[in-house]
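First the structure, in the form of C-alpha cells, and then the observations on it.
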Protein chains: 2
Amino acid sequence: MVRFRSTYEHNIDSKGRLAIPAKMRAAGDLGPGSELIAAVFLDNCIKLFPVGEWEKLEDDLLSLDSSDPAVREATRKVIGSSQELELDGQARVVLSKALLDYANLSASSLALVVGVGSHMEVWNPETYQASGGSRSNEDLFGLVMSNRKASPAPLSVNLSYGPSAS
Amino acid sequence: MVRFRSTYEHNIDSKGRLAIPAKMRAAGDLGPGSELIAAVFLDNCIKLFPVGEWEKLEDDLLSLDSSDPAVREATRKVIGSSQELELDGQARVVLSKALLDYANLSASSLALVVGVGSHMEVWNPETYQASGGSRSNEDLFGLVMSNRKASPAPLSVNLSYGPSAS
DNA sequence: GTGCCGGTGGGGAAAAGTGGGGAAGGTGAA
DNA sequence: TTCACCTTCCCCACTTTTCCCCACCGGCAC
C-alpha cells in the first residue's frame, strides 16, 4: 500500500509546473511517464492520487444510487473536477489554472506538498497555516484517537476524506 | 471500462458543432467516424455515451416490467430522446437544435464538457453553476460517505432513470 | 575538487482547438 | 420535370496551447 509522508516546499514555475519531491516519487513508485490524478474537493488544496487509489474512490462514487440528484451532483463535482496528470521527463506535473485557483495558488509561487498516506496535498502555505488555526494539535489528535476507539473497524479511508470535516 | 473525467471548456461553433476534448477521445477510444449517443433525461444537460455504455443502459430499461405505465413512459422518453452522433474528421459532433435547447445552449456559445465515469455531460456554464449552488463540497461528500456506510449493497441501474424524474 | 542527484527554467516541435469555404444531396416551388 | 435554395457534411487552414526535450544551477557526498 502507498504511504506518502512529510511536507516539502516546492516552487511552482512560470508554466504552472510542480516537481514531485523525490521522496514521494520513491514512495509512490512514480517516474517520468507515470500518471497522477488531481482532484479538488474538501479543503482548499489540490489532492494528488496515484491512479489506483483514485479509482477506488471513483468506484465508490459510481456505485451509489444515482436516482438521487445529490449523488449525481457529488459524482459530477468530484469526478468532473479531477484531472489526469502525466509526469514529464523531470517528474513534474502541470497544474491547470483551475486547480491552482481552487487552492489559492498561482504560477511562479511557493507551495507545500504534504504527504497524507494514500495521497499528496498541494497547499498555499498561508492557506495551510490558516486552515489549522482553529484547533490545537492536542484537540485534533484526541479526536483521532477517540474515533479509533469508537469504531475500530474501517478507519482507513474515512480518515483521509473523513467525516471529521463536518 | 470507460472512465471519463475532468471538465473542459469548449466552444460550440456557429454550426452547432462541439469538439470532443482530446483526453476524452483517448479515454473512450473515440476518433473520426466513431459514434456517440446523445440523450437528454435528468439534469439540464446533454449526456453523451459511447455506444457500448448506452446499450447497457438500454438493456436495463428494456428488462423492466413493461406492464407498468411508468416504465413504458421512462423507456419511451429515455430511448426516444436519444440520437446517434458521428464524429467528423476533426472529432466533432453536431448537436441538433433540440439537444441544445434542452441544455440551454446554442450555436456560437461556450459549453462545459464534464466527464462523469461512463459518460460525458455538456452543460451551459451558468446552468451548471446554478445547479450546484445549493450545497457545499462538504455537504455533498458527507452525504456520499454516509451513504457508503449505510448501504453497502450495490444499487441496481433502475435507479438512474427512476420515477423521481416525474 | 569532482561527480551525481534534485530542483529550476526556457525554447521549439507537435498536437489540439477553432473557423470557414465549397461540394453534395435533399426539398419545395414553379 | 426542372430549377433554386437550403441544409449537411467534408475538407482545408490558421492560431493557440501543450508537452517534450535540453541546459543550467546549487548542494551534498565521495
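Just so it is clear, the structure is predicted and the values come from calculations on it, not from any experiment. Lettering follows sequence order; numbering is per chain, from 1.
Between Glu73(A) and Arg76(A), none of the side-chain N atoms (NZ, or NE/NH1/NH2) sits under 4.0 Å from a carboxylate O, so this pair counts as no salt bridge.
One distance of note links CD of Glu121(A) with NZ of Lys47(A); it measures 4.0 Å at 0.5 Å rounding. Note that NZ of Lys15(A) is 10.0 Å distant from CG of Asp88(A), once rounded to the nearest 0.5 Å. Here NE2 of His10(B) is found 7.5 Å from CG of Leu18(B). Values are rounded to the nearest 0.5 Å. Atom CG of Leu30(B) and atom CG of Leu87(B) lie 6.0 Å apart (nearest 0.5 Å).
A nucleotide of DNA chain C counts as in contact with chain B when one of its atoms lies under 4.0 Å from a heavy atom; the first and last such, 5' to 3', are dA16(C) to dG22(C). If you walk DNA chain D from 5' to 3' and mark each nucleotide with an atom closer than 4.0 Å to a heavy atom of chain A, the marks span dC19(D) to dC22(D).
Looking only at side-chain heavy atoms (C-beta outward), Asn104(A) and Glu126(A) stay at 4.5 Å or farther from each other. Ile37(A) places a side-chain heavy atom less than 4.5 Å from the side chain of Val51(A). For the pair Ile20(B)/Leu48(B), a side-chain contact is recorded, criterion being any heavy-atom separation below 4.5 Å from C-beta on. Between Pro21(B) and Phe4(B) there is no side-chain heavy-atom pair separated by less than 4.5 Å.
Contacts between residues 3-19 of chain B and DNA chain C, defined by a heavy-atom separation below 4.0 Å, involve His10(B), Asn11(B), Asp13(B), Lys15(B), Arg17(B), listed by number.
Taken over five-pair windows at either terminus, the axes of the helix from dG1(C)-dC30(D) to dA30(C)-dT1(D) are inclined to one another by 20° (rounded to 10 degrees).
A ring-ring contact (aromatic ring centres under 6.0 Å, His included) check over residues 51-71 of chain A, counting only residues at least two apart or in different chains, returns the pairs Phe49(A)-Trp54(A).
Here the options are Leu100(A), Leu105(A), Val93(A), Leu99(A), the test is side chain to side chain contact (heavy atoms under 4.5 Å, CB included), and the partner is Val122(A); only Leu105(A) passes.
Under the rule for a salt bridge (Lys or Arg N to Asp or Glu O under 4.0 Å), the partners of Arg17(A) that lie at least two apart in sequence or sit in another chain are Asp13(A).
Using a 4.0 Å heavy-atom criterion, one finds that Gln90(B) contacts the bases of the nucleic acid, with or without backbone contacts as well.
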